Amino acid sequence: MGYPVRSMADARDIRQHLESLVTGAVRAAVAAGELPDVALPGATIERPKDAANGDYASSLPLRLARAAMKPPLVIAEVLVRHLPADPAIEAPEVAPPGFINFRLSNAFLQSQVEWVISAGERYADLAIGAGKKAQVEFVSANPTGPLHVGNGRGAAIGDALASTLGAAGYEVEREYYVNDAGTQTDSFGDTLYARYQQLFGRAVDIPKDGYPGHYMVELASQLKAEAGDRYLRPEGEPAPADLTEVGIDLMVRGIRSSLAAFGVNYDRWFSEKSLYGASGVYDEVMALLLANGQLVDREGARWFTSSDLGEDKDNVVVRSDGRPTYYASDIAYHYDKFVKRGFSLVIDVWGADHHGHVSRLKTATGAFGADAEGLHVLLYQLVVLKRGGEIVRLSKRSGEIITLDELIDEVGADAARFFFLLRSPGAQMEFDLDLAKKQSNENPVFYVQYAHARLAGILRRATEQGLSPEGGDVTLLTRGHELALVREMMRLSEVIQVAATTFEPQHLPHYAMSLATAFHAFNDAFKVQNDSALKVITEDEALSRARLRLVQAAKISLARVLGLMGMTAPERMDRAEAAIEG
RNA sequence: GCGCCCGUGGCUCAGCGGAUAGAGCGUUAGGUUGCGGACCUAAAGGUCGGAGGUUCGAGUCCUCCCGGGCGUACCA
């Protein structure tokens, strides 16, 4: 009762707090002549795997043993003697082979419930990106066809990463780079015109390097429906000059709505073509590289002399026909990102088939004077689809793809996102369509969302009974299942910190599952034992309010991580017919 | 050939150089007539592809080998 909640550290800096306690103990031990004056390694506070070893542990004695010429256990005991009492933790313990284990005090854990509630939607926000501008560019698929399932993986990863960086304090922008210039755009336009002409009864073949997919027929139909024969030219004459652009715009419109259906909204759609327009970005960076002596004309083309900068070979930036390559566009684009717009952290989310491009882009980034360290290319591996036990390989341009729209239709955006995020980007993943749409306990998506719905249900029920969490006394929360839930809630900031610094969003869904587990176990504990003293809502009103306070905080935590993943946090679950018939 | 990614229980995959390698699904044995069981508890199941090395300590770092994927364009 009356514990000075605000004066304590919160979950965001408890590790740092413990670290400073330990280093303080080292200084004290050195001053007392019990330890030689040795250099300290950093970051020694860890999370023991086994809860029996406490909430946090320091391995400093193990690291110090050699330099201090003393056994780790002896060092640990010396340090523990010099550790001051602290309200956030119980008495530290020494454990072989030389750890110092810390257990958080109940008072501290209880205080976190209030902390979470006061932080609300911003709970677990960090400041590691404060004052820095970050950009996440993702999907950026060619607007020559609809998005497929693989693009969905990039969308889920990029969007979640952007949200996570936002939570870590960065000012974040989401961007889609529209490849509306270049050779693929041309053959797209040629295909579109061929399909368009076919609709008017002309016997025209699509170009051999064109796009055979059926969606091009649909696109032509859409064009005909919207514009009639306005784009038709006499037989044998070339397509009207603006047809390609109109087609690209239609395609981009479709891509934009697919992504919106997936819950992804961009701050900016950046046109590749704009690099060559009035902005003058392309001319500017090329002039810069030329002045640096990093461009040479050879064999009729213009080359970037990347081999001088450690690359395997030089690369063409201007073809012999005078048109810039994709590489040239990308150099200009990243010049725009770093130099023109001042992002200090730039993340490109690419499919792994582009990995050959990473190194030379970084080299170019350094060449125009930006800090290439600020550029992170996050590669994600292929998606293999599985349906009915069969593997469906996604192949580009085969015309036979499974679109993102179809995936959303079939399994829903939430489930698709969760499964995409669950796997580390670097691992090839198998996407089991049957599992993802299964509305049963085989599906972890429902497990997590159900936990949130249950939390909401409890609060709803309490309100009906005239009970609210207001004024709940958190110091009444002393049972194992209650405190275990608080411990799990506290991990969120660590998860955000790891995800935001390693750019690995897979930590989010894994954390969401264990938070849901902690809640389900808490929720179940009192039911199983049929012990009225263990119910969330009991005759004991004070205890009920305290538990509701915890429920409120848990709901905030779970909603936060669902939000970071771009998933909805449902107040109730709608059971679909599929589950009932089964 | 060279370069990058991946190889962890039956399946799909986590695992910031630390203490007995984890989860979900599947399997087995229980609980649960519920503030929404799409729940909970427990068990069985792995020489972390192989061999060396660094370290007080290696699934994690280094080298080599094996297997799978991708790249190695004046395509993107």
Side-chain angles (χ1 to χ4, degrees), chain A residues 43-44 46-50 52-53 57 59 62-63 65-66 71-72 95-99 101 140-142 144 179 182-185 187 209 299-303 312-313 315-321 323-327 329-330 351-359 379-382 384 386 396 419 422-432 435 438-447 449-451 453-454 456-462 464-465 467 494 497-498 501-502 504 506-507 509-510 513-514 517 520-521 523-528 530 535-537 544 551 572-573 575 579:
Chain A
T44 65
E46 299 143 16
R47 279 263 187 195
K49 280 181 200 159
D50 188 343
N53 290 320
S59 59
L62 287 160
R63 294 163 199 264
R66 175 176 288 237
F99 290 98
N101 293 336
S140 299
N142 269 340
T144 52
N179 299 121
T183 54
Q184 300 210 358
T185 305
S187 60
D209 58 345
E299 301 158 34
R302 175 161 287 187
W303 301 70
D312 291 344
K313 57 186 181 56
N315 293 96
V316 172
V317 289
V318 183
R319 299 181 179 89
S320 46
D321 65 4
R323 299 193 312 174
T325 61
Y326 172 81
Y327 185 40
S329 288
D330 245 12
D353 52 339
H354 289 66
H355 80 250
H357 191 60
V358 175
S359 177
L379 300 171
Y380 62 90
Q381 296 290 328
L382 289 184
V384 177
K386 215 169 137 191
K396 219 173 178 180
F419 279 95
L422 200 52
R423 311 306 177 211
S424 72
Q428 286 179 42
M429 70 168 283
E430 207 166 274
F431 196 107
D432 189 332
L435 174 60
K438 222 174 231 174
Q439 308 221 346
S440 76
N441 58 355
E442 289 170 55
N443 193 332
V445 178
F446 292 95
Y447 181 82
Q449 291 188 319
Y450 178 55
R454 267 185 151 177
I458 292 169
L459 292 171
R460 215 164 35 230
R461 178 64 176 228
E464 285 165 19
Q465 296 185 8
L467 263 183
E494 284 176 36
Q497 189 254 321
V498 169
T501 52
T502 61
E504 292 175 348
Q506 75 271 21
H507 298 289
H510 285 279
M513 280 199 281
S514 62
T517 297
H520 283 309
N523 190 46
D524 224 69
F526 47 80
K527 289 180 174 179
V528 171
N530 193 26
K535 298 233 180 206
V536 172
I537 300 169
S544 299
V551 165
R572 36 172 47 101
M573 297 294 276
R575 243 188 146 123

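Being a predicted model, the structure only gives us computed values, none of them experimental. Labels below follow one simple rule: chain letters A, B, ... track the order of the sequence lines, proteins then strands, and each chain is numbered from 1.
Here the separation of U33(B) from G24(B), taken at their P atoms, is 23 Å to the nearest Å. Nucleotides G18(B) and G59(B) have their C1' atoms positioned 13 Å apart, rounded to a whole Å. Taking atom P in both U55(B) and A44(B), the straight-line distance is 38 Å, to the nearest Å. Atom name C1', nucleotides C16(B) and C11(B): the rounded distance is 28 Å, in whole Å. When the C1' atom is used for both A58(B) and G17(B), the distance is 7 Å, rounded to whole Å. Comparing the P positions of U41(B) and C5(B) gives an interatomic distance of 38 Å, to the nearest angstrom. G53(B) and G71(B) have their P atoms separated by 37 Å, with the value rounded to a whole Å. Taking the C1' atom of each, G22(B) and G37(B) are spaced 25 Å apart, rounded to whole Å.
Neither OP1 nor OP2 of G17(B) sits under 4.0 Å from any side-chain N or O of Ser59(A). A sub-4.0 Å separation between OP1 or OP2 of G37(B) and a side-chain N or O of Arg454(A) is present. The side chain of Gln506(A) places an N or O atom within less than 4.0 Å of a non-bridging phosphate oxygen (OP1 or OP2) of G15(B). The side chain of Arg423(A) places no N or O atom within less than 4.0 Å of a non-bridging phosphate oxygen (OP1 or OP2) of G15(B). Taking 4.0 angstrom as the limit, Tyr447(A) places a side-chain polar atom (N or O) nearer than this to OP1 or OP2 of C40(B).
Along RNA chain B, the nucleotide nearest to Gly300(A) and the one nearest to Ala427(A) differ in position, and the one closer to the 5' end is contacted by Ala427(A).
Rounding to whole angstrom units, CG of residue Asn53(A) and C1' of A19(B) are separated by 6 Å. Here the C1' atom of nucleotide G57(B) and the CD atom of Glu46(A) are 11 Å apart, to the nearest Å.
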Report, one pair per line, the protein and nucleotides 43-50 of chain B atoms (nitrogen or oxygen only) whose separation is under 3.5 Å.
none

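Distance check: Met513(A) CE to Tyr447(A) OH gives 9.5 Å after rounding to the nearest 0.5 Å.
By the 5.5 Å and 30° criteria, Tyr450(A) is not stacked with the base of G36(B).
In this structure, C13(B) and G22(B) make a Watson-Crick or G-U wobble pair, each of the two defining distances being under 3.5 angstrom. When Watson-Crick and G-U wobble pairs are counted only if both distances are under 3.5 Å, C48(B) pairs with no nucleotide at all.
In this model, a side-chain donor or acceptor of His354(A) finds a partner on the base of A76(B) within 3.5 Å.
Aromatic ring orientation, Tyr326(A) versus His357(A): tilted (interplanar angle from 30° to 60°).
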Residue pair Met429(A), Leu422(A): steps toward the side chain to side chain contact (heavy atoms under 4.5 Å, CB included) verdict: CA-CA 9 Å; Met429(A) 70 168 283; Leu422(A) 200 52; over 6 Å; no
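Annotated as syn: G37(B), whose glycosidic dihedral is within 90° of 0.
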